[in-house]
Structure formats: structure tokens, C-alpha cells
Amino acid sequence: NPDAPTVTAYHTEPEAEKKGASSPTGLPDQALLDFLIRENNATLGAIDVASGKRRVLVEAETVPRPSSLKLSPDGRWLSYLSVFRLKSTGQTETYYDLVLQPSKGGSHVVVESDLEATDRDYYDEPYLWSADSKHLVFTKGKRLWVSEIDEKGPGKPRQFAADLGEINEYPFVLSADGHAVLIGLKPREEQGYYVAKSTTLALVPLDGSPPRKFEGSGTPVTSDARTLWQSGPNKIGLIAEDSSDGA
């Protein structure tokens, strides 16, 4: 159909490769920083599917440098992670910032800085939007943090379920009703080279009420990458894992 709207893809320039290009963060390992920017920095935009018109929401040069994005479930907010960075020379752990701005455009706000990168950045969910778009849920310092979102933007993040101690990277999913997050508690002793699997889980309500702990081991049954599948409000399915060593 010649009258149908079309979409044109635009690519940002390889800015970090320009002569004299530098990073606003001033990190000492400039070569690695330039690599991270080349691999992850992006201009964030929106395309009207009816007309094909595009608009830029966040320029690539914005500080902190934008990378991967999400829309809130209600579509009012654009959240994004900044480009990974190192804090000092020789360090291997990477960090990023979590940023929020209106999806219609406007000023951005850093929700939290210096979040440790985890395996969830590549395979699952680094942070979660609640189903009602009123909470951003993330981890920092192996603890659970929540920022309440209202019409003005994000509130100051609060640590939830502090008495539970350190938490594992997995599981990290919302309940089916979106009112709580399921996390795994970190065992007291690591088991060899790999991170020990959680044997105690906790369902932490986003309204700040006390969490519920229970014993369980395995992978939660989910309906998608961020949501539990539940046959009832108090039921959680776990897929048992084979613990045999193959001997």
C-alpha cells in the first residue's frame, strides 16, 4: 500500500571515536569507557505508528548517558538505564544509573545512582515497574529498594524488608496482581564457584507491610519475564531443579 506510513531508522554517530571525544564522567580508564559508550550509548526516541513521525526524547549526549529503555505500564513514563561505567582503574564491577522522565518529553530525574550491574541486565529484568505504574523496584547493595511514582515523578527510594538481609539476584519477579515482589534470600554460605541457590524466598508487599518468608527451592513459574504465574493469591509454583552431579 503506497499510502501506508513508513518508518525510517536513524543511527547516532560513533561519537566516542571522534578525535578528541571524551566522557563527561572523567573516569581514568578512558579506552574502556569509550568502548562502553560505543557499545551501549543510544538516542531514545518515539515513533507515531499512524503517521510515521518521530521525535527524540533523550539525546545520546544527555548526562547520564542513556542506554536501554522501558515504558511504564500506563505509558506515562520513560525509564532508562545509563551506560555502564567503572568507578576506578582496574575495577571490574560495573555500575549504572536509573533515570525517569515523562514519555511526552521533559526533564529527566535520576531515580538512583550507582546500581551494581547484575546478570539480570542481560537475561531478565534489571528493575521492575509495578502493574499500576506507581512503583519502581530495584536492587542495590544486595538489598531491595522501591521508589514511589506519582504525577510529579519519583519519590526518594526506600529500602524494603531490610531485616531479611542480603538477597540473591534470582528470583526477582512481581506477583500476578503486581502488588508484591518475590525475592530469594542469599544463603549464609556460598557453594563453590557459583552463587548458591536460594532455599528461602520472600514475598515483599509494595505497600510497605511485612514480608512473608517461606522455604522453597527452584525456579518460579512465571507468565512472563517480570510476572509470576499464580493459580491463587497465596500460591506460587516452583520448578524443581535437578541437584544430581551426574555421577
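The heavy-atom pair separating S175 from L228 by the smallest distance is CA-CD1, 4.0 Å. The heavy-atom pair separating P220 from P171 by the smallest distance is CG-CB, 3.6 Å. Here the closest heavy-atom approach between residue P154 and residue V109 is recorded as CG-CG1, 3.9 Å. The two residues K152 and W77 come nearest to each other via the heavy atoms C-CH2, 4.1 Å. Smallest separation of non-hydrogen atoms from S147 and G155: OG-O, 2.7 Å. Considering every non-hydrogen atom in both P64 and D97, the closest pair reads CB-OD2, 3.5 Å.
Checked by atom type and distance alone, the side chain of S103 pairs as donor or acceptor with a backbone atom of G75 at under 3.5 Å. Although no hydrogens or angles enter the test, the distance criterion places no donor-acceptor pair under 3.5 Å between the side chain of R226 and the main chain of L128. In this structure, R54 contributes its side chain and I47 its backbone to no donor-acceptor pair below 3.5 Å. Checking side-chain atoms of S198 against main-chain N and O of L185 turns up a donor-acceptor pair under 3.5 Å.
Remark: K235 engages S231 in a side-chain contact (heavy atoms from CB on, under 4.5 Å) (not counting sequence neighbours). For H179, the side-chain contact (heavy atoms from CB on, under 4.5 Å) criterion is met by D177, not counting sequence neighbours. Residues satisfying the side-chain hydrogen bond (donor to acceptor under 3.5 Å, both in side chains) criterion with S82, sequence neighbours excluded, are absent altogether.
To the nearest 0.5 angstrom, T118 atom OG1 is 14.5 Å from K140 atom NZ. Separating the NE2 atom in H135 from the CZ atom in F160 is a distance of 6.0 Å, to the nearest 0.5 Å. In this structure, CG on L98 lies 9.5 Å from OG on S113, to the nearest 0.5 angstrom. Atom CG of residue N41 and atom CG of residue D34 lie 11.0 Å apart, to the nearest 0.5 angstrom. The CG atom of L164 sits 5.5 Å away from the CD1 atom of I183 when rounded to the nearest 0.5 Å. Separation of atoms CD1 (I167) and CG (L201) is listed at 11.5 Å; rounding is to 0.5 Å.
No continuous path of hydrophobic side-chain contacts links W145 to F172 [ILVMFWY only; heavy atoms under 4.5 Å]. Residues V181 and F138 do not share a hydrophobic cluster, defined by chaining ILVMFWY side chains whose heavy atoms lie under 4.5 Å apart. If you chain together hydrophobic residues whose side chains sit under 4.5 Å apart, L238 and V173 fall into the same group. L81 and L100 fall within a single hydrophobic cluster, where Ile, Leu, Val, Met, Phe, Trp and Tyr side chains are chained together by heavy-atom contacts under 4.5 Å. Cluster membership check: L78 does not share its hydrophobic cluster with L136, using side-chain heavy-atom separations under 4.5 Å among Ile, Leu, Val, Met, Phe, Trp and Tyr.
With respect to the salt-bridge test (charged N to carboxylate O, under 4.0 angstrom), the residues E166 and K186 qualify. Between R85 and D114 there is a salt bridge, since a side-chain N of the basic residue sits under 4.0 Å from a carboxylate O of the acidic one. Salt bridge annotation for R76-E151: absent, with no cationic side-chain nitrogen under 4.0 angstrom from a carboxylate oxygen.
Note on ring orientation: taking the six-membered ring where Trp is involved, the planes of H108 and Y80 are tilted (angle from 30° to 60°).
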Determine, stepwise, if the pair D119 / Y170 fulfils side chain to side chain contact (heavy atoms under 4.5 Å, CB included).
CA-CA 9 Å; D119 286 344; Y170 299 98; 3.6 Å; yes
Determine whether R158 and E148 satisfy the following criterion, salt bridge (Lys or Arg N to Asp or Glu O under 4.0 Å), listing intermediate values before the conclusion.
CA-CA 9 Å; R158 293 188 296 143; E148 295 186 14; 3.0 Å; yes
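Between Y96 and the choices V83, D121, N40, L36, the side-chain contact (heavy atoms from CB on, under 4.5 Å) rule is met once, by D121.
The closest side-chain heavy-atom distance from T139 to L115 is not below 4.5 Å. Side-chain atoms of V99 and P66, non-hydrogen and from C-beta on, never get closer than 4.5 Å to each other. Taking the side chain as every heavy atom from C-beta outward, L86 and T94 approach each other to under 4.5 Å. When side chains are defined from C-beta on, V111 does not count as touching Y127, because their heavy atoms never get closer than 4.5 Å.
Counting non-hydrogen atoms of neighbouring residues, nucleotides and ligands closer than 6.0 angstrom, the NZ atom of K70 exceeds 12 such neighbours.
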